[in-house]
Amino acid sequence: MPEDFPSLRESLLAARHVVIFTGAGVSQESGIATFRDRTEGLWARFEPQELATPEAFDRDPALVWAWYEWRRGLIAHAKPNAAHRAIARMQQCLPRLTVITQNVDDLHERAGAENVLHLHGTLAAARCRRCHRPWQHSQVQPSAAAPTAPLSPPDCPHCGNHIRPGVVWFGESLPMATWEAAAEAATDCDMLFSIGTSSLVYPAADLPHQARQRGAMVVQVNPEPTALDAVAHQSLRGKAGDILPTIAGLCVS
Ligand code: OAD
């Protein structure tokens, strides 16, 4: 891995616009489970069809709301890690750096990153299922190993319908303005780092492909092989928290 770094440094210092594209792996070292880890991943422990679709929410809103409130509690008690902090530092020292994340946590922002594009929504942005008005959370669940009991979602003060989590579920479209901004950044950048994502969920996973087609250098950071290996110019095998601080160090000329 270290032998890759001189060329990375050269490319980073020459880059006009860098994109950092992250997935669940960037928050793993903050104690937040990824989705597809074979034993600890959320989709190994829970059934996505029961929790992460509009139909699931309509069928059993208390089950779904409890699960997302449990996750919001875990995130509220977690802290940004070395990778989140390194990305925020890179944004300070490079001329232009756009952070695009699939994560629904706020750890990039809490590390100091600005204007983060959340392709899959955020847990903080609950809204009415019917009238779509935003709704402000007033409390957070204690950290727990799993949701303890069903929890009825609050009622919308305007129309009385259920408040729903502010995330994108399977079968739903990505927030259009966010997606357009992300696609614009991916097709405009000279370098894209894909960090901690299995690169399996589309359309988000298409962004590195779009960047590469437009001539950008694509660098992947992941301890495991992924679907992006065949496309990335470089795959740095390791944890984001180990590799990103070194990359951030290269930005200082
Ligand atoms: P996945 O769980 O699919 O992939 C996480 C990736 O992170 C894997 O490739 C791991 O090898 C890697 N990883 C684990 N620990 C790491 C570390 N410390 N440093 C770097 N990488 C590490 O998560 P995503 O790709 O984010 O969608 O999943 C994409 C989407 O699928 C999510 O946004 C979610 C899920 O269903 C929605 O909720 C809509």
Side-chain angles (χ1 to χ4, degrees), residues 1 20-57 64 67-68 70-72 74-75 78-87 99-108 111 116-126 164-175 178-179 182 193-209 219-232 234-248:
M1 188 175 68
I20 297 276
F21 172 57
T22 65
V26 81
S27 297
Q28 185 266 342
E29 290 159 84
S30 294
I32 308 295
T34 64
F35 291 92
R36 294 178 178 79
D37 182 87
R38 271 179 225 93
T39 50
E40 290 172 12
L42 289 174
W43 296 154
R45 297 177 58 203
F46 302 98
E47 184 53 59
Q49 292 307 320
E50 286 174 15
L51 296 164
T53 69
E55 295 76 23
F57 186 65
V64 172
W67 192 71
Y68 283 95
W70 164 67
R71 286 182 59 203
R72 202 170 62 79
L74 291 179
I75 287 162
K79 290 192 172 64
N81 64 50
H84 297 110
R85 291 194 295 273
I87 291 164
V99 182
I100 305 171
T101 189
Q102 298 164 87
N103 299 343
V104 295
D105 65 47
D106 60 353
L107 295 172
H108 282 303
V116 179
L117 297 172
H118 283 271
L119 292 178
H120 293 162
T122 85
L123 284 171
R164 59 159 285 175
V167 303
V168 175
W169 283 322
F170 289 106
E172 292 187 317
S173 304
L174 304 195
T178 308
W179 171 249
F193 288 85
S194 175
I195 302 165
T197 174
S198 55
S199 301
L200 291 173
V201 175
Y202 282 76
D206 196 43
L207 293 173
H209 297 260
V219 179
Q220 178 176 225
V221 178
N222 200 308
E224 304 287 338
T226 78
L228 194 67
D229 284 15
V231 169
Q234 286 188 32
S235 286
L236 306 175
R237 295 267 184 257
K239 292 189 166 199
D242 292 335
I243 293 179
L244 264 296
T246 308
I247 294 176

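Just so you know, ligand 1 is whichever comes first in the structure, and atom 1 is the first atom listed for that ligand.
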Is there a nitrogen or oxygen of T226 sitting under 3.5 Å from a nitrogen or oxygen of ligand 1? no

Does ligand 1 have an atom under 4.0 Å from some heavy atom of V201? yes

Would you call the rings of H84 and H108 parallel, tilted or perpendicular, where under 30° means parallel and over 60° means perpendicular? perpendicular

To the nearest 0.5 Å, what is the distance between CZ on R72 and CG on D105? 13.0 Å

So which bit of V168 gets within less than 4.0 Å of ligand 1, heavy atoms only: side chain, backbone, both or neither? backbone

Looking at ligand 1, would P223 count as a contact under a 4.0 Å heavy-atom criterion? yes

Residue E224 vicinity, atoms of ligand 1 by number, heavy atom under 4.0 Å: 11 (O)

Would you check the N or O atoms of A240, main chain and side chain alike, for any that come under 3.5 Å of an N or O of ligand 1? yes

Can you name the atoms of ligand 1, numbered from 1 with element, that are less than 4.0 Å from a heavy atom of W43? 35 (C), 36 (O)

N81 versus S30, closest heavy-atom pair with distance: ND2-OG, 3.1 Å

Mind listing the side-chain donor-acceptor pairs of residues 196-209 below 3.5 Å, one per line with the distance, residues two or more places apart or on another chain?
residue, atom, partner, partner atom, Å
T197, OG1, Q102, NE2, 3.1
T197, OG1, S199, N, 3.1
D206, OD2, Q210, NE2, 3.0

Who's the nearest protein heavy-atom neighbour of atom 4 (O) of ligand 1, and how far? S198 N, 3.3 Å

List every atom of ligand 1 that sits less than 4.0 Å from any heavy atom of F170, numbering the atoms from 1 in the order shown and giving each element. 36 (O)

Quick one: look at R36 and ligand 1, take heavy-atom pairs under 4.0 Å, and tell me if it's side chain, backbone, both or neither. both

Going by heavy atoms, is L200 under 4.0 Å from ligand 1? no

Can you list the atoms of ligand 1 that are under 4.0 Å from a heavy atom of G23? 26 (O)

Only heavy atoms of Q102, strictly under 4.0 Å: list the atoms of ligand 1 that pass. 29 (C), 33 (O)

Side-chain touch L244/V26, heavy atoms, less than 4.5 angstrom: no

If the cut-off is 4.0 Å to any non-hydrogen atom of E29, which atoms of ligand 1 fall inside it? 17 (C), 18 (N), 19 (N)

With heavy atoms and a 4.0 Å threshold, my read on which part of K239 contacts ligand 1 is both

For ligand 1, indicate whether the residue W169 contacts it via side chain, backbone, both or neither (heavy-atom separation under 4.0 Å). neither

I need the L42 CG to T34 OG1 distance, nearest 0.5 Å. 7.0 Å

